[in-house]
Amino acid sequence: MSSDKRELAAAFTPSAIEGPLYKKWLDAGYFTADANSSKEPFTIVIPPPNVTGNLHIGHALDQTLQDCLTRMKRMQGFEALWLPGMDHAGIATQNVVEKQLAQKGLTRHDLGREEFVKKVWEWKAESGGQILGQMKRLGDSVDWSREAFTMDENLSQAVLTIFKKLFDQGLIYRAERIINWCPRCLTALSDIEVEHQDDAGEFVSVRYGDGEQSIVVATTRAETMMGDGAVAVHPDDPRYKHMIGTEVMLPLVNRLIPIIADELVDPDFGTGAVKVTAAHDPNDFEMAMRHGVPFVVIMNEHGVMDGTGTEFDGLDRFEARVAVVAKLKEMGRIVAEKRPYIHAVGHCSRCDTTVEPRLSKQWFVKVETLAKAAGDAVRDGRVKIEPEELAPRYFDWVDNLNDWCISRQLWWGHRIPVWYGPNDEVVVVGPGEKAPDGYTQDPDVLDTWFSSALWPFSTLGWPNNTADVKKFYPTSVLVTGYDILFFWVARMMMFGLFAMDGVPPFHTIVLHGLVRDQYGKKMSKSRGNVVDPLEFIDKYGADALRFTLARGSNPGKDQALAEDWIAGSRNFATKLWNATRFAMMNGATVQGPLPSTETLSDIDKWVLSRLSETTSEYTALLERYEFARACEVIYHFAWDDLCDWYLELSKEAFASGNAAASQRVLGHVLDTLFRLLHPVMPFITEELWTTFTGQETLVIAQWPTADSAHINKKAETLVGELQKVITEVRRFRNDQGVKPSQKIPGRFIAPADVSAYASAMAFLLKLELKDFTPSASVEIGAIKVELDLSGTVDVVAERARLEKDLVTAQKDLKTAEVKLNNEGFMAKAPAEVVKEIKERLVVTTGDIERITAQLAALK
RNA sequence: GGGUGGUUAGCUCAGUGGUAGAGCGCCUCGUUUACACCGAGGAUGUCGGGGGUUCGAAACCCUCACCGCCCA
């Protein structure tokens with residue numbers, strides 16, 4: 001313990017303290033969790049940013065919230081582990097490296113698989129993971145000793161282990177299906193990697209067949225008609241019933257195709273007859289399976305027409321559409337056209353290319369039982385979703401899930417551990433196993449989200465039964481944006497429950513919203529409204545950015561962000577800095593015990609009471625993940641209660657040199673405030689606290705608990721009175737045009753408990769307490785403040801003020817009277833409400849009398 | 001098409017039955033022994049429209065309009 005305090009610089013410069021403090025924390029190892037500790041664990045695994053990524057404002061929000069929780073729990077005495085790491089981000093990363101190759105005129109095929117993957121690793125070592133350094137700027141208290149990467153050796157073992165386990169239980173299978181195919185990335189995509197957009201297309205009605213034996217089908221994809229295997233109608237459609245079972249001639253390729261009946265056809269859509277292109281549409285695929293319709297492939301992997309034996313071969317699918325329609329028009333087969341026709345079209349979430357449904361042999365996870373378990377864990381309360389309003393969205397998804405296509409035709413990722421024998425034998429090779437001689441491995445890799453789904457335990461060392469797994473699994477809280485609820489959260493639930501014998505990967509899922517621009521618009525490069533968190537950190541400090549983001553984070557809700565808001569948070573930091581300087585100048589201290597309550601002034605009692613209330617309210621809000629409200633509470637305590645009132649009301653006492661108790665109280669308040677604020681604003685609180693107390697660090701200091709003995713409603717009421725008196729007199733001075741610095745004679749005619757603080761009030765109000773002849777007065781309820789304006793009162797201003805007050809009071813009186821004269825109200829309203837209204841009636845009646853008398857006296 | 005969230009001060013948003021709030025912005029005054037990144041004072045709302053429930057509705061119910069998101 002040291003009572004020698006260092007000095008605080010006159011101005012707060014975030015950049016001067018942040019780097020050194022973070023280094024100090026790392027050197028001290030405060031963030032390194034101990035698996036052998038006897039403390040109760042608190043675990044968060046970071047949503048791993050893409051290795052290609054930079055810290056964007058969404059990460060800053062996500063990580064601020066996680067750091068808040070981690071730091072609070074650490075101070076509360078938990079063995080806190082916040083585990084950092086990165087995701088290998090299959091397609092995204094491969095695209096980055098391919099782009100670099102393209103600049104040299106090369107493709108990955110020029111290098112070959114092995115060389116290419118080596119190149120990606122090199123890139124990863126050089127420029128991947130910039131975000132890790134950026135996380136340090138933000139102040140993240142992550143345990144760097146446990147940093148993980150989804151392609152790490154151990155995490156890859158986890159992938160092999162779970163793949164084999166799923167396969168052995170029949171939950172992974174290979175099948176030929178219609179999958180989402182990106183003709184640019186040349187890979188399969190899962191359903192959620194497809195984004196639906198409303199595109200302007202065309203809707204054309206084409207006559208198949210001739211004369212009696214003809215039928216008109218409506219389609220948005222005329223170019224695929226060469227792959228048609230049938231025409232389908234609804235079985236009960238009277239228009240077509242007679243044609244079911246017959247055949248029509250398919251134009252362009254002159255092939256006879258059957259007319260089939262299927263419930264899936266909506267008779268009200270288009271002409272009620274649809275073409276069935278089994279190899280190029282998922283719905284058509286389903287119907288084709290039911291009716292034995294042949295699969296006719298007419299496009300290659302690039303989305304180029306191929307194998308139709310027509311003039312259209314070699315045309316891109318979109319060129320082909322135009323050409324086919326033109327040709328049909330020429331043939332007189334276009335019955336109707338609608339253009340533009342706005343409809344939902346799938347796009348690759350990575351490159352925005354229009355997705356092509358493609359018949360292809362891929363690996364799938366059979367999700368039914370896994371998804372059921374994932375849903376049940378939330379349904380039966382083992383896992384909570386915060387805010388719970390978002391739970392239905394989760395159920396909706398896990399309860400209606402299609403099998404998950406997990407193979408990707410990429411080179412960067414976990415290679416599928418399946419080997420094929422010479423006679424198409426299939427062997428899954430688990431960890432430490434070897435494929436038989438002569439077998440070849442499947443060339444594909446797994447969907448990135450396959451390994452991400454293992455993150456909460458693969459990062460802890462699973463499948464080995466490590467001390468970390470034992471200590472830190474299941475994790476406590478998962479904090480992430482609602483936008484990856486499906487991509488990631490649901491899959492971690494499925495795999496976690498499966499791999500960990502039914503133990504879900506986390507207790508609570510905390511979902512936050514997206515950061516938007518100051519007008520609430522989505523940030524995007526094309527809009528040009530993207531902001532860079534690092535610029536803000538440079539300009540305003542990490543604490544200011546963090547506080548702004550936390551303060552804007554209402555559960556599950558998006559937040560708007562403007563530079564002005566961050567400047568406001570910086571101002572708050574500066575305010576704390578200056579208040580601490582002031583406190584130190586005036587002898588605030590943490591030395592010795594807090595004086596007993598009886599010896600304290602009402603002002604001291606009041607601030608301790610407010611501190612106690614704030615402590616419990618703030619802690620409870622943070623524990624409920626109500627970051628915005630928590631920040632609001634602490635902000636107003638610090639700025640309003642502490643700076644605007646307590647420090648001001650104490651100035652006179654400090655100036656008088658007789659304030660030992662207040663010095664200790666103020667020291668306690670600051671000490672507590674810094675502890676409370678530390679999770680949100682770690683840098684400035686650390687700097688202020690260590691300087692002020694002379695102690696080593698806040699990071700592992702104890703979290704404050706509210707002292708209920710400090711709650712003092714009497715002191716709160718009294719200080720409330722003082723505040724009212726001060727505000728009213730200030731207003732009077734202002735209305736009367738008295739300069740703020742001008743001292744005027746004044747005196748308080750008030751009950752003893754208020755009069756006791758006459759000198760404190762006089763100090764603030766620039767009143768001289770001396771004998772004088774009053775020329776004006778201000779009345780606040782039963783309290784009267786007499787003043788000498790040494791001249792005439794500005795009667796016009798004063799009348800205006802009083803008349804305005806009178807109108808307000810009369811309005812309030814009327815409201816109260818109406819209520820009290822209402823029989824229904826008197827009969828049914830709760831007694832306490834009636835009592836309150838009655839009191840209001842008395843008060844407003846008194847106010848009106850007082851104001852009326854003052855107005856009369858002004859004449 | 002099916003869900004779902006929203007509509008409150010100029011802007012961004014809190015507020016789940018008892019006299020409408022915050023931050024920023026705006027107006028006036030101010031070099032008062034922390035802070036002009038500040039202080040003091042002030043202005044600003046038929047709480048989207050309509051109907052209902054209730055003694056009492058921004059809040060609960062119905063309905064309409066508009067905006068957004070998710071899924072197909």
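Every chain is numbered from 1, with letters handed out A, B, ... down the list of sequences.
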Next item on the list: Look at the side chain of E836(A) and decide which nucleotide, out of rA34(B), rU33(B), rU19(B), has an atom nearest to it.
Entry: rU19(B)
Notebook entry, point to check: Can the ring centres of F674(A) and W689(A) be said to be less than 6.0 Å apart?
Noted result: no
Check: Would you call R610(A) and Y646(A) a side-chain contact if the rule is heavy atoms closer than 4.5 Å?
Finding: no
Item checked: Residue mapping more 5' on RNA chain B - nearest nucleotide basis, A10(A) or G824(A) -> A10(A)
Next item on the list: May I ask you to test the V607(A)-D641(A) pair for a side-chain heavy-atom distance under 4.5 Å?
Entry: no
Check: On a whole-Å scale, what distance lies between the C1' atoms belonging to rA20(B) and rC47(B)?
Finding: 8 Å
Note to self: Using atom P in both nucleotides, what's the gap between rG17(B) and rG25(B) to the nearest angstrom?
What the structure shows: 33 Å
Check: Picking from rG18(B), rG30(B), rC35(B), which would you name as closest to the side chain of K739(A)?
Finding: rG30(B)
Checklist line | Nucleotide rG39(B), atom P - distance to NZ of K651(A) in whole Å | finding: 10 Å
Check: Okay, side chain of D262(A), backbone of M287(A): is any donor-acceptor separation there less than 3.5 Å?
Finding: no
Note to self: Using Watson-Crick or G-U wobble geometry with both distances under 3.5 Å, which nucleotide pairs with rC60(B)?
What the structure shows: rG52(B)
Next item on the list: Side-chain contact test, heavy atoms from C-beta onward, threshold under 4.5 Å: evaluate it for R664(A) versus D604(A) and give yes or no.
Entry: no
Note to self: Can you measure L649(A) atom CG to rA34(B) atom P for me and round it to whole angstrom units?
What the structure shows: 15 Å
Next item on the list: Calculate the interatomic distance between D564(A) atom CG and rA22(B) atom P; express it in whole Å.
Entry: 19 Å
Next item on the list: Have a look at F763(A) and say if it touches a base, only the backbone sugar-phosphate, or nothing, with a 4.0 Å heavy-atom cut-off.
Entry: base
Note to self: Please give the distance between the P atoms of rG50(B) and rA59(B) as a whole number of Å.
What the structure shows: 12 Å
Next item on the list: For rU32(B), take OP1 and OP2 only and decide whether either is under 4.0 Å from a side-chain N or O of K766(A).
Entry: no
Next item on the list: Take atom CG of N400(A) and atom P of rU4(B), then tell me their distance rounded to the nearest Å.
Entry: 14 Å
Notebook entry, point to check: Are E632(A) and R629(A) within salt-bridge range, i.e. N to O under 4.0 Å?
Noted result: no
Next item on the list: Could you state the atom-to-atom distance from CZ of F572(A) to P of rA34(B) in whole Å?
Entry: 19 Å
Note to self: Does E823(A) reach a base, just sugar-phosphate, or nothing at all? Heavy atoms under 4.0 Å.
What the structure shows: nothing
Next item on the list: Return the nucleotide paired to rC71(B): Watson-Crick means purine N1 to pyrimidine N3 with N6-O4 or O6-N4, wobble means G-U with N1-O2 and O6-N3, both under 3.5 Å.
Entry: rG1(B)
Check: Between W639(A) and rG39(B), does any side-chain N or O lie under 4.0 Å from OP1 or OP2?
Finding: yes
Next item on the list: Could you give the distance separating rC60(B) and rU8(B) at their P atoms, to the nearest angstrom?
Entry: 16 Å
Note to self: Measuring from the side chain of Y635(A) (C-beta onward, heavy atoms only), which nucleotide among rC24(B), rC37(B), rA34(B) has the closest atom?
What the structure shows: rC24(B)
Checklist line | Between rU31(B) and rC35(B) - C1' atom distance, rounded Å | finding: 13 Å
Notebook entry, point to check: Rounded to whole angstroms, how far apart are NZ on K828(A) and P on rG56(B)?
Noted result: 9 Å
Check: Considering only the P atoms, how many Å lie between rG6(B) and rA14(B), rounded to the nearest integer?
Finding: 9 Å
Notebook entry, point to check: CG of D483(A) versus P of rC70(B): gap in Å, rounded?
Noted result: 9 Å
Checklist line | Geometric class of the F572(A)/W639(A) ring pair [parallel <30°, tilted 30-60°, perpendicular >60°] | finding: parallel
Check: Start at the 5' end of RNA chain B and walk down; is the nucleotide closest to D396(A) or to N578(A) reached first?
Finding: N578(A)
Item checked: Heavy-atom side-chain contact between H512(A) and F627(A) under 4.5 Å -> no
Next item on the list: Side-chain contact test, heavy atoms from C-beta onward, threshold under 4.5 Å: evaluate it for I634(A) versus T614(A) and give yes or no.
Entry: yes
Next item on the list: Tell me, please, whether F582(A) has K651(A) positioned over its six-membered ring: NZ or CZ under 6.0 Å from the ring centre and within 45 degrees of its axis?
Entry: yes
Notebook entry, point to check: What does R840(A) touch in the nucleic acid at a heavy-atom separation under 4.0 angstrom: a base, only the sugar-phosphate, or nothing?
Noted result: base
Checklist line | G-U wobble or Watson-Crick pairing nucleotide for rU7(B) (cut-off 3.5 Å, both distances) | finding: rA65(B)
Margin query: Check this one for me: any side-chain N or O of N571(A) less than 4.0 Å away from OP1 or OP2 of rC38(B)?
Written below: yes
Notebook entry, point to check: When we call it a touch if two heavy atoms are under 4.0 Å apart, what does K575(A) touch: a base, just sugar-phosphate, or nothing?
Noted result: base
Check: Which nucleotide, in any strand shown, forms a Watson-Crick or G-U wobble pair with rU16(B), with both distances under 3.5 Å?
Finding: none
Check: What is the nucleic acid contact for P392(A), judged by heavy atoms within less than 4.0 Å: base, sugar-phosphate only, or nothing?
Finding: nothing
For nucleotides 8-13 of chain B, print each protein N/O atom paired with a nucleotide N/O atom at under 3.5 Å, atom names and distance only.
none

Notebook entry, point to check: Should rC26(B) form a Watson-Crick or G-U wobble pair with both distances under 3.5 Å, which nucleotide is its partner?
Noted result: rG42(B)
Check: Hey, are the side chains of D558(A) and V515(A) touching, using non-hydrogen atoms and a 4.5 Å cut-off?
Finding: no
Item checked: Any L787(A) side-chain heavy atom under 4.5 Å of F732(A) side chain -> yes
Notebook entry, point to check: Now, which nucleotide makes the Watson-Crick or G-U wobble pair with rA36(B), with each of the two distances under 3.5 Å?
Noted result: none
For nucleotides 40-44 of chain B, tabulate all protein N/O to nucleotide N/O atom pairs closer than 3.5 Å, reporting atom names and distance.
{"from": "rG42(B)", "atom 1": "OP1", "to": "R731(A)", "atom 2": "NH1", "distance (Å)": "2.7"}
{"from": "rA43(B)", "atom 1": "OP1", "to": "K804(A)", "atom 2": "NZ", "distance (Å)": "2.4"}

Next item on the list: Among rA34(B), rC55(B), rA22(B), find the nucleotide with the atom closest to the side chain of A829(A).
Entry: rC55(B)
Check: Does R393(A) make a side-chain donor-acceptor contact with the base of rC70(B), cut-off 3.5 Å?
Finding: no
Item checked: Among rA34(B), rG18(B), rC71(B), the nucleotide that comes nearest once only the side chain of F582(A) is considered -> rA34(B)
Note to self: Counting only Watson-Crick pairs (N1-N3 plus N6-O4 or O6-N4) and G-U wobbles (N1-O2, O6-N3), all under 3.5 Å, who is the partner of rC47(B)?
What the structure shows: none
Check: Under 4.0 Å between a Lys/Arg side-chain N and an Asp/Glu carboxylate O for R731(A) and E728(A)?
Finding: yes
Next item on the list: Measure from CG on N822(A) to C1' on rU54(B) and round the result to the nearest Å.
Entry: 11 Å
Margin query: Measuring only the P atom in each nucleotide, how far is rG3(B) from rC64(B)? A whole number of Å is fine.
Written below: 14 Å
Checklist line | Spacing of the P atoms in rU7(B) and rG15(B) (rounded, Å) | finding: 10 Å
